[in-house]
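Lettering of chains follows the sequences in order, A, B, ..., and the numbering in each one begins at 1. The basis for the numbers below is simple: all heavy atoms, side chains too, and nothing from hydrogens, waters or symmetry mates.
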Protein chains: 2
Amino acid sequence: MPHGQSLVEQLRDNGLKLTPQRHLICQLIENNHDHPTVDDLYEQATAVMPSMSLKTVYTTLYELAGLGAIRLVNVGTGGFRVECNLSPHSHLVCRSCGKVMDVPVDPAEHADLSVLKEYDFEVEQREIIFRGLCGECAGRAGEGPGA
Amino acid sequence: MPHGQSLVEQLRDNGLKLTPQRHLICQLIENNHDHPTVDDLYEQATAVMPSMSLKTVYTTLYELAGLGAIRLVNVGTGGFRVECNLSPHSHLVCRSCGKVMDVPVDPAEHADLSVLKEYDFEVEQREIIFRGLCGECAGRAGEGPGA
DNA sequence: GTGGTAGTCAACAGTCGTTGTTATTTAACA
DNA sequence: TGTTAAATAACAACGACTGTTGACTACCAC
Ligand SMILES: [Mn+2]
Ligand SMILES: [Mn+2]
Ligand SMILES: [Zn+2]
Ligand SMILES: [Zn+2]
């Protein structure tokens, strides 16, 4: 519950109409504490409301992101992911299966560096990504072909 | 000069034929101490060798990356960038113009955290991105329309 | 209620970055 | 110089995303 408000409340409070499409997309996001792709959400949405258009999913996600209700992150796995977890954290990204997991590493604590003052650059946001292999994929790689 | 060897030397030492296309692409990369996109390189290449195919640029970049001679980084600006600087560093990414700049912040020093041990994940690589506005873009935003 | 108006939507074509296929050409080496 | 496996240009196709358009839907003034 980001900002203590549900996604639908945030939509309404910002003068956006609460259409059935938006309502459904908000529900799907709130029930998903992962990092779904746009296509994940589209598939879940069409299962309930077959007329839902992919464009509407994109548009609604950009609206929610514009409100600061969600974030759209790109970890280099092709297509962005929907980030429902607004608390500061970092990501583990599996280079084999593309899974994205949260780690409680606050970038503001680990990457707030004075050396940046020397650059003509206004830092607004810090991001830390740990790339490697998730347990499942590392396990699979370790198993030989048997005999 | 990564590994003390030129890119063409690394190609040859790994049994790859030294074609004029590969030679040109290597030169372009070594003369470019920025973070060119694939299209940047393609345009520069066709200026010299008009028959060069975009596919060949991609293929050659993946070969060089496979050898560890360059890195291909994705900072979420659409399409990856060619990273010629193999020393450990982090990036400033302008959200307005997409420029990517190096900062001498070694991720291994600032993001090598014991909390990661608790996760079933083999970290291979750490990455820190600072997002914001470059000096030029920040300046432009500050200027009002004048009268 | 009727008409106006702004917001929203599905459908669908188009863009951009990237990859697959294949027939032709070529670098490397005998 | 001939042989051969590797590399290339050409081009179609793909996935992720965006632009356009015309229909539909509150919402409001009268
Ligand atoms: Mn997350
Ligand atoms: Mn760099
Ligand atoms: Zn994995
Ligand atoms: Zn900029």
Taking the minimum atom-to-atom distance to the side chain of [X], which one of [options] wins?
{"X": "A:Lys55", "options": "C:dC12, D:dA10, C:dA28", "result": "C:dC12"}
{"X": "A:Tyr58", "options": "C:dA28, D:dA16, D:dT25", "result": "D:dA16"}
{"X": "A:Phe80", "options": "D:dA5, D:dC17, C:dC9", "result": "D:dC17"}
{"X": "B:Val38", "options": "C:dA27, D:dA26, C:dT18", "result": "C:dT18"}
{"X": "A:Thr56", "options": "C:dA27, C:dA10, C:dC9", "result": "C:dA10"}

Is the phosphate of [N], meaning OP1 or OP2, less than 4.0 Å from a side-chain N or O of [X]?
{"X": "B:Arg12", "N": "C:dA27", "value": "no"}
{"X": "A:Tyr62", "N": "D:dC17", "value": "no"}
{"X": "B:Ser51", "N": "D:dT8", "value": "no"}
{"X": "B:Thr59", "N": "D:dT8", "value": "no"}
{"X": "A:Ser53", "N": "C:dA11", "value": "no"}
{"X": "A:Gln21", "N": "C:dA10", "value": "yes"}

Whole-Å distance between [N] [atom2] and [X] [atom1]?
{"X": "A:Glu43", "N": "D:dG15", "atom1": "CD", "atom2": "P", "result": "12 Å"}
{"X": "B:Leu16", "N": "C:dT26", "atom1": "CG", "atom2": "P", "result": "19 Å"}
{"X": "A:Leu18", "N": "D:dA26", "atom1": "CG", "atom2": "P", "result": "11 Å"}
{"X": "A:Met52", "N": "C:dA11", "atom1": "CE", "atom2": "P", "result": "12 Å"}
{"X": "B:Leu61", "N": "C:dT19", "atom1": "CG", "atom2": "P", "result": "11 Å"}
{"X": "A:Glu63", "N": "D:dT18", "atom1": "CD", "atom2": "P", "result": "13 Å"}
{"X": "B:Leu24", "N": "C:dA27", "atom1": "CG", "atom2": "C1'", "result": "17 Å"}
{"X": "A:Asp39", "N": "D:dT18", "atom1": "CG", "atom2": "P", "result": "14 Å"}

Closest contact, heavy atoms only, [X] versus [Y]:
{"X": "B:Glu124", "Y": "A:Gly132", "value": "OE1-CA, 3.6 Å"}
{"X": "A:Leu41", "Y": "A:Leu28", "value": "O-CD1, 3.9 Å"}
{"X": "A:Val93", "Y": "B:Phe121", "value": "O-CZ, 3.4 Å"}

Base, sugar-phosphate or nothing for [X]? Non-hydrogen atoms, less than 4.0 Å.
{"X": "B:Leu54", "answer": "base"}
{"X": "B:Pro50", "answer": "nothing"}
{"X": "A:Tyr42", "answer": "nothing"}

Approximate separation, where rounding is to 0.5 Å, of B:Cys84 SG and B:His35 NE2: 7.5 Å
Kindly say whether A:Met52 contributes a backbone atom to a donor-acceptor pair with the side chain of A:Thr46 at under 3.5 angstrom? no
Same hydrophobic cluster for B:Leu67 and B:Val73, using side-chain heavy-atom links shorter than 4.5 Å among ILVMFWY?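 No, because B:Leu67 and B:Val73 fall into different hydrophobic clusters, even though each may have its own neighbours under 4.5 Å.
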Which residue lies more 5' along DNA chain C, comparing B:Lys17 with A:Arg22 via nearest heavy atoms: A:Arg22
